[in-house]
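See below for the structure under consideration.
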There are 2 protein chains.
Amino acid sequence: MTQTQFKQSPTCEHCALSRNCTEKTESNGFTANNPVLTHKIYHKGDNLYGAGDAFNALYIMRSGSAKACITSVDAQEQIVEFCFPGDLIGIDGFAQRQHAHTVTFLETSSVCYISLTSVNALLAQSEMGRQQLLGNMSNSLIHQQQQTMSFHCMTSTQRLAAFLLDLSTRLTHRGLSSHQLTLSMTRIDIANYLGMAIETISRLLTNMQQQGLIHVQRRQVTLLDINQLRSLCNNLADADNALIFAQNNGAFQLSSLGAQPLLQ
Amino acid sequence: MTQTQFKQSPTCEHCALSRNCTEKTESNGFTANNPVLTHKIYHKGDNLYGAGDAFNALYIMRSGSAKACITSVDAQEQIVEFCFPGDLIGIDGFAQRQHAHTVTFLETSSVCYISLTSVNALLAQSEMGRQQLLGNMSNSLIHQQQQTMSFHCMTSTQRLAAFLLDLSTRLTHRGLSSHQLTLSMTRIDIANYLGMAIETISRLLTNMQQQGLIHVQRRQVTLLDINQLRSLCNNLADADNALIFAQNNGAFQLSSLGAQPLLQ
DNA sequence: CGCTGACTTGAACAAAATCAAGGCTCGTGG
DNA sequence: CCACGAGCCTTGATTTTGTTCAAGTCAGCG
């Protein structure tokens with residue numbers, strides 16, 4: 001897997017992750033006729049797209065973060081994914097040719113743009129391009145299924161620990177500290193995503209802090225004992241198994257968060 | 001959406017759903033050099049493939065039923081999907097070039113076979129083929145996310161009702177009665193899939209029977225009042241809303257079960 | 001006939017939700 | 001600069017839901 005997927009001239013040289021983008025313009029608000037300006041800035045609360053919007057592009061997160069939600073008939077919102085730099089966004093649109101999700105930015109962010117035309121051209125031309133897109137979608141599906149499993153098999157403490165660890169892993173891959181997290185989402189978002197009450201999130205964070213696993217100060221979370229957090233997630237029944245499972249260190253780590261990044 | 005996806009000569013004319021298959025043979029046990037025998041019979045308990053197996057084909061369920069499972073490090077099994085005739089199986093393999101699921105048949109069943117070579121050829125050649133495969137995968141993802149939402153927002157009664165309704169819908173599309181269900185899976189499978197204890201399943205089925213919503217006799221389930229079952233799923237907070245939501249009849253029905261069939 | 005696996009039912013228990021109240025921060029306007 | 005308000009977050013008490021434990025029942029089968 002190289003970084004050349006979706007590569008066509010001209011490339012988007014401004015991408016933070018050396019992601020190569022195509023397309024000069026589109027009705028989506030991207031500046032026209034400028035081969036370099038294939039990314040666009042959004043602010044906190046802005047939507048990249050909403051459920052029902054026409055599906056005419058895929059996006060790659062360039063910087064910042066976002067949440068992807070689905071909505072039920074009674075307007076209840078469910079966050080299904082948090083997006084970070086490098087993540088591919090928009091594959092929810094292939095099903096109905098319109099988007100099923102609403103993607104909302106959690107902070108000032110920028111995304112790169114790949115028109116469907118480009119995607120189609122790539123798929124027609126490149127075996128590797130096909131593999132990458134299909135692999136990415138398959139990955140997203142499996143991840144979501146593991147998420148389902150975690151709801152059935154894990155306690156709320158374990159789910160929250162897995163969430164923090166996964167956040168750490170994903171941000172580390174993007175060059176940030178693996179211990180020091182700055183949550184861009186509210187407790188409400190976390191609770192929604194993990195399927196718990198916001199009070200439970202609050203209590204569990206306090207508990208974990210009292211046990212010396214983490215340190216919490218508002219949106220700043222420091223992971224103090226990553227190994228213990230990991231063993232907490234792995235052993236499902238017996239606390240005494242902690243030592244046994246400790247050697248599994250990292251072998252089974254639920255990918256609790258959104259889409260796979262395009263590279264890797 | 002026509003039924004001609006994956007069509008290449010020679011076609012598999014024996015397919016129950018007029019599904020067109022390609023490929024004469026493969027190492028997978030399909031009979032060699034016979035263009036018609038592109039399907040194979042399996043029996044209850046057989047695996048179509050296991051987690052970690054090489055990914056070299058997609059499959060279409062021809063008759064019978066199956067369950068797809070993922071497994072955690074501690075060998076805990078989680079059913080992520082039930083498969084029925086017409087369903088596309090195997091897209092979990094695109095992520096790692098090997099299967100993430102284990103697919104096990106619940107009864108005597110037959111599946112059609114599409115080699116990866118054929119899939120690739122199709123994707124390279126046909127815009128429509130691409131749209132169908134990507135659409136199918138996108139659908140599976142969205143369905144799985146709705147499943148996630150149902151865990152967070154619905155009570156266990158609602159989840160079970162949604163499960164029965166979806167079973168009914170899927171089997172109706174395959175030409176069977178929409179009221180009379182024959183469950184091919186055990187209570188244990190249902191409990192695993194819905195993330196509940198098997199005792200809870202048993203109790204809820206009894207309750208629903210006492211309320212006149214269904215009739216249960218071992219694996220035979222009759223849906224006696226589909227409308228009330230639907231409103232049960234739709235109204236999340238207040239039982240009095242039943243009348244209001246009744247007019248939504250079918251508007252929001254969680255697709256609680258596996259992959260979309262290939263045709264519509 | 002007696003075993004086995006699938007299913008049911010009841011009673012006690014635990015985990016997390018809900019209800020209720022208050023505290024902390026930050027932004028806004030006087 | 002300070003007061004005020006809104007949203008976000010925390011904490012405690014109570015309640016609900018569904019699990020777990022325990023004890024059967026039922027049907028099919030060697």
Side-chain angles (χ1 to χ4, degrees), chain A residues 43-45 67 76-79 104 106-108 150-164 181-211 214-221 232 236-239, chain B residues 44-45 67 76-79 106-107 149-164 181-211 214-221 232 236-239:
Chain A
H43 296 287
K44 183 176 176 175
K67 60 179 176 181
Q76 202 147 11
E77 185 185 71
Q78 171 67 52
I79 299 172
T104 308
L106 300 173
E107 58 192 313
T108 298
S150 80
F151 286 118
H152 297 175
C153 305
M154 288 173 142
T155 65
S156 51
T157 308
Q158 291 175 319
R159 288 217 299 283
L160 182 57
F163 173 80
L164 292 175
L181 306 178
T182 302
L183 305 180
S184 55
M185 66 291 287
T186 66
R187 301 281 195 272
I188 297 173
D189 287 338
I190 299 175
N192 182 302
Y193 178 69
L194 294 178
M196 315 194 284
I198 148 176
E199 294 97 326
T200 306
I201 300 285
S202 198
R203 269 184 262 270
L204 292 177
L205 286 174
T206 304
N207 288 352
M208 290 165 95
Q209 176 159 244
Q210 284 168 351
Q211 289 169 36
I214 61 175
H215 179 257
V216 186
Q217 181 148 37
R218 294 186 54 74
R219 302 284 182 92
Q220 296 291 327
V221 176
L232 180 65
L236 296 103
D238 194 345
Chain B
K44 183 176 176 176
K67 60 179 176 181
Q76 203 147 11
E77 185 185 71
Q78 171 66 53
I79 299 173
L106 300 172
E107 58 191 313
M149 179 158 75
S150 80
F151 286 117
H152 297 177
C153 305
M154 288 173 141
T155 66
S156 51
T157 309
Q158 290 175 319
R159 289 216 299 284
L160 182 57
F163 173 80
L164 292 175
L181 306 178
T182 301
L183 305 180
S184 55
M185 66 291 287
T186 65
R187 302 280 195 273
I188 297 174
D189 286 338
I190 299 175
N192 181 304
Y193 179 69
L194 295 178
M196 314 194 285
I198 145 177
E199 293 96 328
T200 306
I201 301 286
S202 197
R203 268 184 263 270
L204 292 178
L205 286 174
T206 304
N207 288 352
M208 289 165 95
Q209 177 159 242
Q210 284 168 352
Q211 287 169 37
I214 61 176
H215 179 258
V216 185
Q217 181 149 34
R218 294 185 56 73
R219 301 283 182 93
Q220 297 291 328
V221 176
L232 180 64
L236 296 103
D238 195 345

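Note that the coordinates shown come from a computational prediction; the quantities given were computed from them, not determined experimentally. Because only heavy atoms are used, hydrogens play no part in the values below, and waters and symmetry mates are left out as well, while side chains stay in.
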Going by heavy atoms in the side chains, are [X] and [Y] under 4.5 Å from each other?
| X | Y | value |
| --- | --- | --- |
| N207(A) | L205(A) | no |
| K44(A) | T108(A) | no |
| S156(B) | L204(B) | yes |
| T186(B) | I198(B) | no |
| L181(B) | R219(B) | no |
| Q78(B) | H152(A) | yes |
| M196(B) | R203(B) | no |

Figure out the [atom1]/[atom2] separation between [X] and [N], and round it to whole Å.
| X | N | atom1 | atom2 | value |
| --- | --- | --- | --- | --- |
| R218(B) | dA6(C) | CZ | P | 10 Å |
| R219(A) | dT25(C) | CZ | P | 14 Å |
| F151(A) | dA15(C) | CZ | P | 19 Å |
| L204(A) | dA15(C) | CG | P | 12 Å |
| I201(A) | dT18(C) | CD1 | C1' | 15 Å |
| L205(B) | dT8(C) | CG | P | 6 Å |
| R159(A) | dA17(C) | CZ | C1' | 13 Å |

Practice item. Please list, in 5' to 3' order, the outermost nucleotides of DNA chain D lying under 4.0 Å from any heavy atom of chain A. Key: dC9(D) to dA13(D)

Check your understanding: So which one's nearest nucleotide on DNA chain C is more toward 5', I188(B) or S156(A)?
Key ->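 The 5'-side residue here is I188(B).
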
Measure all distances between protein nitrogen or oxygen atoms and nitrogen or oxygen atoms of nucleotides 9-12 of chain C, and list the pairs falling under 3.5 Å.
residue: dT9(C); atom: OP2; partner: T206(B); partner atom: OG1; Å: 2.7
residue: dG10(C); atom: N7; partner: R203(B); partner atom: NH1; Å: 2.7
residue: dG10(C); atom: O6; partner: R203(B); partner atom: NH2; Å: 3.4

Practice item. Report the distance from atom CD of Q209(B) to atom CD of Q217(B), rounding to the nearest 0.5 Å. Key: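 Between Q209(B) CD and Q217(B) CD, I get 9.0 Å after rounding to 0.5 Å.
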
Check your understanding: To the nearest 0.5 Å, what is the distance between CD1 (I201(B)) and CD1 (I190(B))?
Key ->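 That separation rounds to 6.0 Å.
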
